[in-house]
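Since the structure comes first, as structure tokens, the remarks are kept for the end.
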There are 2 protein chains.
Amino acid sequence: MSAQVTTENTEAQMRKGILELVILSVLARNDAYASDIINELKETKLIVVEGTLYPLLTRLKNGELLTYRWEESTQGPPRKYYTLTEKGREFLKQLNSTWDDLVLAVNKARTQSSTSNSNQE
Amino acid sequence: MSAQVTTENTEAQMRKGILELVILSVLARNDAYASDIINELKETKLIVVEGTLYPLLTRLKNGELLTYRWEESTQGPPRKYYTLTEKGREFLKQLNSTWDDLVLAVNKARTQSSTSNSNQE
DNA sequence: TATAGTACTATGTATTGCATAGTACTACTG
DNA sequence: CAGTAGTACTATGCAATACATAGTACTATA
């Protein structure tokens, strides 16, 4: 069945690639386990669910951008606390740049008049 | 074979959903055929290739956000000139809003300090 | 021992960007 | 008229990620 064109669907597509950026950003500030990350992103209106987050954390760890340690908890099972690696920090810098460029380009494409407008600063 | 974590790959993922927005934005300004769109986006540093653009234009047309008319050309085959529909204009407004919210949220997540920073405006 | 809450793993689906191969139209040249 | 180059478009399949769903395991409490 072909996809319906809806803003919900397009937003889901827009989120692809972006969650990686914001999760690395959260971990650049503090070590965290999954629930910390979910709560911190919720404050910035980025809703991430566990079924998305766990596979993504695993991908990032397998890509050597993250490491983790187990920590006991008194509230339930032990938790995986994730830490950004040095490689992860470098990657995040590049990703920030990529994101900034993309947002600039999209906003230009959204507002640009005809080709004679290229001297706009 | 598992994907390598590269900024090129993540940028490709980030572009998902975004091309729809910028193509509709181009067509909100002027009717255009595929090559016009490619050239106009190139000026804003958004590189789109034909193999991506044609299927996307077809999807948007099938979703009733676009219509087209054939126009003869003296340089080669006839061209499909695309026009935004009224439904397309409404959809684009919603998409603009979705995009603005997403960019704001991502930028907040990138820079936010701990939870005590919530009174920042 | 059983249950609720919490943390994580495994798996599959839906969707789009993109590459590749192919067909068709027009102008130009021989 | 036939052949070629340039241009415009169609058809198809692959790669990758967001997300849903089902399941397992740990801890505290009754």
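A note on names: the letters A, B, ... follow the listed sequences, proteins ahead of strands, and every chain is numbered from 1.
- What separates CD1 of A/Ile18 from P of C/dT16 is a distance of 16 Å, to the nearest Å.
- At the phosphate of C/dT15, neither OP1 nor OP2 sits under 4.0 Å from any side-chain N or O atom of B/Arg59.
- Across all strands, B/Glu50 comes closer than 4.0 Å to no nucleic acid atom at all (heavy-atom distances).
- Candidate nucleotides C/dT9, C/dG17, D/dC26 were compared by shortest atom distance to the side chain of A/Pro78, and D/dC26 ranks first.
- Taking atom CG of B/Leu53 as the reference point, atom C1' of C/dA19 lies 15 Å away to the nearest angstrom.
- Heavy-atom distances to DNA chain D give each of A/Pro55 and A/Glu72 a nearest nucleotide, and the one nearer the 5′ end belongs to A/Pro55.
- Remark: A/Lys80 is not positioned above the aromatic ring of A/Tyr33, lacking an NZ or CZ atom under 6.0 angstrom from the ring centre and at most 45 degrees off the axis.
- For A/Leu19, the side-chain atoms get nearest to D/dC19 when compared with the rest of D/dT10, D/dC19, C/dC8.
- When rounded to the nearest whole Å, the span between CD of A/Glu20 and C1' of D/dA16 equals 11 Å.
- Between A/Leu60 atom CG and C/dC8 atom C1' there is a gap of 16 Å when expressed in whole angstrom units.
- The phosphate of D/dA18 has neither OP1 nor OP2 within less than 4.0 Å of any side-chain N or O from A/Arg15.
- Under a 4.0 Å N-O distance rule, the pair A/Glu71/A/Arg79 does not qualify as a salt bridge.
- Remark: A/Asn9 is not in phosphate contact with D/dA18, judged by side-chain N or O atoms under 4.0 Å from OP1 or OP2.
- The listed nucleotides are C/dT6, D/dC19, C/dC18; the one nearest the side chain of A/Thr52 is D/dC19.
- Using a 4.0 Å cut-off between a side-chain N of Lys or Arg and a carboxylate O of Asp or Glu, B/Glu43 and A/Lys108 do not qualify as a salt bridge.
- The shortest distance between the side-chain N/O atoms of B/Tyr54 and the OP1/OP2 oxygens of D/dA11 is not below 4.0 Å.
- Between the base of C/dT15 and the side chain of B/Lys16 there is no donor-acceptor pair shorter than 3.5 Å.
- Whole-Å rounding puts the A/Ile47 CD1 to D/dA18 P distance at 16 Å.
- When the nearest nucleotides of DNA chain D are assigned to A/Thr74 and A/Ala12 by heavy-atom distance, the more 5′-ward of the two goes with A/Ala12.
- For A/Val49, taking side-chain heavy atoms from C-beta onward, the closest of the listed nucleotides D/dC9, C/dC18, D/dC19 is D/dC19.
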Evaluate side chain to side chain donor-acceptor pair (under 3.5 Å) for A/Asn107 paired with A/Arg110, printing each intermediate quantity in order. CA-CA 5 Å; A/Asn107 285 342; A/Arg110 285 205 294 162; 3.0 Å; yes
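- For A/Ala34 and A/Gln13, each mapped to the nucleotide of DNA chain C holding its nearest heavy atom, the one lying further toward the 5' end belongs to A/Ala34.
- No donor-acceptor distance shorter than 3.5 angstrom exists from the side chain of A/Thr52 to the backbone of A/Val48, with no hydrogens or angles considered.
- When rounded to the nearest whole Å, the span between CD1 of B/Ile23 and P of C/dT16 equals 12 Å.
- Between B/Glu11 atom CD and D/dT17 atom C1' there is a gap of 16 Å when expressed in whole angstrom units.
- The line from OG1 of B/Thr83 to CG of B/Asp31 is 3.5 Å long, rounded to the nearest 0.5 Å.
- You'll find that the side chain of A/Lys80 is closest to C/dT9, out of C/dT9, D/dA18, D/dA8.
- For the pair B/Tyr81 OH and D/dT7 C1', the computed distance is 13 Å after rounding to whole Å.
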